[in-house]
Amino acid sequence: MKKIIYDQYGSLGNLRMADVAAPSLSAQTLIVQVKAVSINPLDWKIVQGEMKVLTGKAFPKGVAIDFSGVVTEVGAQVSGFAVGDAVMGALDAMKGPGALAEFIVVQPQQVVPKPARLSFEQAAALPIVGAAALQSLTKVLGLQAGQRLLIHGATGGVGMIATQIAHKMGIHVTAVVSSKGVESAQQWGADHVINYQNQSVQDLAERFDAVLDLSTKLPFAQARRLLTPHGWYVNTVPTLKDILLTPLANLTRRQKIKLLMSNPDLSTLQSLRQYAEQGLDVQVNQRFDWADFAHAYSTVQQKGTLGKAVLVVDGAA
């Protein structure tokens with residue numbers, strides 16, 4: 001089969017399409033024919049070697065984490081799935097084989113049935129950003145209805161889902177976006193939308209129970225004045241230094257930094273599937289044929305995207 005791989009850490013230019021052996025089925029696994037794969041910033045961070053302490057030195061490696069597809073083989077000890085089932089899921093980001101391939105082998109707990117109202121492209125776009133959004137609101141922050149949340153960078157993949165889920169939870173959402181994202185943020189349920197190109201978030205008089213910085217452009221030092229005296233700030237891209245030092249620093253301050261280290265586990269995937277069936281809007285605004293992977297990754301890395309970008313592997317949407 002064909003698969004996108006790389007043989008050393010470095011630039012995205014190291015990615016190449018190769019002919020490799022198809023994955024083998026075991027009694028405890030499934031084989032999935034991949035239909036679409038999501039593009040995430042974590043993809044190029046891994047390829048560039050930024051996570052090599054966790055990803056290791058064994059090569060070749062595959063790329064991409066979340067996917068959608070159709071089950072083609074079912075292990076003898078696997079229940080709940082049948083050949084022909086449409087599924088969505090996520091591989092292990094650090095140790096997984098990479099989802100950008102014609103076929104992948106998965107554990108049953110890594111997939112759930114694809115929501116019927118989502119296309120394969122939309123389903124592939126949901127697991128990673130959805131897990132980050134849902135776990136930020138619940139596991140990390142534990143926000144309740146009526147609390148006030150500022151989402152800085154609300155129209156990327158995570159912001160798209162976080163805005164909608166927070167709205168459904170009864171949280172008052174202020175979304176900070178560019179001019180091209182204003183309409184989408186309003187549609188997703190934001191109570192107040194700020195176009196940062198016209199208004200500085202630092203000029204806000206309002207104070208928030210939590211700030212979710214998805215842009216990485218609103219550091220804690222600047223966000224503090226926007227928080228209530230006991231407010232929380234979420235660091236969505238913690239470094240190893242952050243992981244080690246933040247708990248100690250939090251001991252001496254009332255306003256706390258929370259670290260997001262999301263995991264698209266089975267319960268999270270099941271919750272996202274329920275939200276999707278209830279009408280969650282998953283906007284896929286850039287689609288690339290997987291043969292055009294080099295251009296796709298370069299474009300999204302350099303220019304970003306409103307909503308999500310996906311690579312279409314098997315043509316079907």
Side-chain angles (χ1 to χ4, degrees), residues 36 38-45 66 118-119 121-137 140-141 143 148-169 171-204 206 208 210-219 222-223 226 233-237 260 262 264 272 275-276 278-288 296-297 299-311:
S38 172
I39 296 177
N40 295 290
L42 186 55
D43 296 339
W44 54 78
K45 289 183 179 181
D66 44 356
L118 295 188
S119 68
E121 295 172 4
Q122 290 174 307
L126 182 56
I128 292 298
V129 297
L134 180 58
Q135 291 175 6
S136 290
L137 298 171
V140 177
L141 289 171
L143 292 176
R148 307 181 80 83
L149 170 68
L150 176 75
I151 302 179
H152 198 267
T155 49
V158 178
M160 168 178 65
I161 306 302
T163 300
Q164 295 176 76
I165 293 179
H167 174 71
K168 289 178 179 292
M169 292 171 62
I171 297 164
H172 185 282
V173 178
T174 295
V176 182
V177 302
S178 67
S179 56
K180 67 180 181 180
V182 170
E183 183 177 351
S184 292
Q186 292 171 336
Q187 292 174 349
W188 294 332
D191 298 279
H192 185 201
V193 179
I194 297 173
N195 178 354
Y196 67 77
Q197 293 171 305
N198 297 332
Q199 178 184 0
S200 171
V201 69
Q202 296 294 336
D203 293 335
L204 293 178
E206 186 176 0
F208 300 90
V211 170
L212 179 59
D213 177 36
L214 301 172
S215 68
T216 69
K217 296 178 181 178
L218 183 65
Q222 295 179 22
L226 300 169
Y233 170 89
V234 181
N235 178 347
T236 57
V237 286
L260 173 63
S262 62
L272 292 172
Y275 276 115
Q278 294 167 7
L280 191 70
D281 180 22
V282 183
Q283 283 192 15
V284 176
N285 289 307
Q286 292 189 82
R287 297 165 175 83
F288 302 90
Y297 274 114
T299 298
V300 177
Q301 183 187 35
Q302 294 176 20
K303 299 181 180 180
T305 184
L306 177 68
K308 284 290 291 180
V310 300
L311 290 151

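Values below: every heavy atom of this structure, side chains too, minus hydrogens, waters and symmetry copies. Because the structure is a prediction, the values reported are computed rather than measured.
- Residues Ala162 and Ala133 come closest through the heavy atom pair N-CB, 3.4 Å.
- Nearest heavy-atom pair, Thr163 versus Ala190, reported as atom, atom and distance to 0.1 Å: CG2-N, 3.9 Å.
- The two residues Leu118 and Leu280 have their closest heavy-atom pair at CD2-O, 4.4 Å.
- Between Asp43 and Val300, the closest side-chain pair of non-hydrogen atoms is not below 4.5 Å.
- Atom CD of Gln197 has more than 12 heavy atoms from other residues, nucleotides or ligands within 6.0 Å.
- Rounding to the nearest 0.5 Å gives a distance of 7.5 Å between CD1 of Ile128 and OG of Ser38.
- Annotation: side chain of Val140 is not in contact with side chain of Leu212 (no heavy-atom distance under 4.5 Å).
- A distance of 10.0 Å separates CG of Asp191 from CG of Leu149, quoted to the nearest 0.5 Å.
- Between the side chain of Gln122 and the main chain of Val282, a donor-acceptor pair closer than 3.5 Å is present.
- Remark: side-chain polar atoms of Gln202 are paired, donor with acceptor, to backbone N or O of Gln222 under 3.5 angstrom.
- Residues Ala166 and Leu137 approach most closely at N-CD1, 3.7 Å, considering heavy atoms.
- Checked against Lys308 for a side chain to side chain donor-acceptor pair (under 3.5 Å), the options Asn40, Asn285, Asp66 give a single hit: Asn40.
- Side-chain contact between Tyr275 and Leu126 is absent, with no heavy atoms from C-beta onward closer than 4.5 Å.
- A pairwise comparison of heavy atoms in Ala223 and Val211 identifies CB-CG1, 4.3 Å as the closest pair.
- Looking only at side-chain heavy atoms (C-beta outward), Met160 and Ile151 stay at 4.5 Å or farther from each other.
- When side chains are defined from C-beta on, Leu226 does not count as touching Tyr233, because their heavy atoms never get closer than 4.5 Å.
- Going from atom CD1 of Ile194 over to atom OG of Ser178 covers 13.5 Å, rounded to the nearest 0.5 Å.
- Distance check: Leu143 CG to Ser136 OG gives 9.5 Å after rounding to the nearest 0.5 Å.
- Between Val173 and Trp188 there is no side-chain heavy-atom pair separated by less than 4.5 Å.
- Separation of atoms CD (Gln286) and CD (Glu121) is listed at 12.5 Å; rounding is to 0.5 Å.
- With contacts defined as side-chain heavy-atom distances shorter than 4.5 Å, the pair Ile39/Tyr297 qualifies.
- Taken from CD in Gln278 to CD1 in Ile165, the straight-line distance is 10.0 Å, to the nearest 0.5 Å.
- Side-chain contact between Val201 and Leu150: present, with at least one pair of heavy atoms (C-beta onward) separated by less than 4.5 Å.
- Judged by distance alone, the side chain of Gln164 and the main-chain N or O of Asp281 form a donor-acceptor pair under 3.5 Å.
- Proximity of a side-chain donor or acceptor of Thr236 to a complementary backbone N or O of Leu260 within less than 3.5 Å is not detected.
- Among all heavy-atom pairs drawn from Gly130 and Ile161, the shortest one is CA-CG2, 4.0 Å.
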